[in-house]
Participant: 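Quick one: the structure is below, and I'll ask about it shortly.
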Amino acid sequence: MNSDSDLQIAGDILEVPHLLQSPREHPATVAEFAGLVRELAADRSAWEHLVRYDATTRWYHRLRTGPGYEVWLLSWLPGQGSGRHDHGPSSGVWTVLEGTLTEHTARGTRAMEAGTQRVFAPSHVHEVVNDALEPAVSLHVYYPGLTQMPMHAPQCSAAAFRDHGADAAPAR
Ligand SMILES: [Fe+2]
């Protein structure tokens, strides 16, 4: 018990249902959006039959909509990527359902394996690539729904700078 507080619940809290928050039909907090992503990821019957692979482009399908949010299912063949982009005014949560995707951000590169979740704010800029040898499937929730995806110039990596010397340095 927290000794800094003198608040105590006496008796069975379930017997005072008017004090409990009723479950919401739609997510409204980051934790609830992350919960929706986890729930959908675990329910393969909700998305498995909808996955398609397209050799010409990343394939995507709007899986669900709710008040102010959209859920998208994406498939990625080896070599396919998003390009560097942001998400306009949208924030979101995404996860990998199958395979492995690589996310590049200004902070570095990290492999996103199945089950890994990522939450991002509207200012988040990233590039996602399937640089593995197997196809990958991912699930993305955008809040509000994705209305724009401005593209950014490719990031100048340390390796590119080294390979091209000082000429590759961006103008200040
Ligand atoms: Fe993105």
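Numbering of residues begins at 1 and proceeds along the displayed sequence. Start at 1 and go down the list; that is how both ligands and their atoms are numbered.
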Participant: Using a 3.5 Å distance criterion without hydrogens, assess whether the side chain of Ser75 forms a donor-acceptor pair with backbone atoms of Arg52.
Facilitator: yes
Participant: Got an N, O or S from His124 under 2.8 Å of the Fe ion (ligand 1)?
Facilitator: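 False for His124.
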Participant: Using modelled atom types and a 3.5 Å cut-off, is there a donor and acceptor pairing between side-chain atoms of His85 and backbone atoms of Gly83?
Facilitator: yes
Participant: Kindly indicate whether a cation-pi arrangement holds for Arg58 with Trp76, taking the cut-offs as under 6.0 Å to the six-membered ring centre and within 45° of the axis.
Facilitator: yes
Participant: Give a yes or no on whether the backbone of Ala34 and the side-chain of Gln117 come within a donor-acceptor separation of less than 3.5 Å.
Facilitator: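 Such a contact is found between Gln117 side chain and Ala34 backbone.
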Participant: Any N/O/S atom from His87 (main chain or side chain) under 2.8 Å of the Fe ion (ligand 1)?
Facilitator: yes
Participant: Suppose you place the vertex at the Fe ion (ligand 1); what is the angle out to His126 NE2 and His85 NE2, to 10°?
Facilitator: 100°
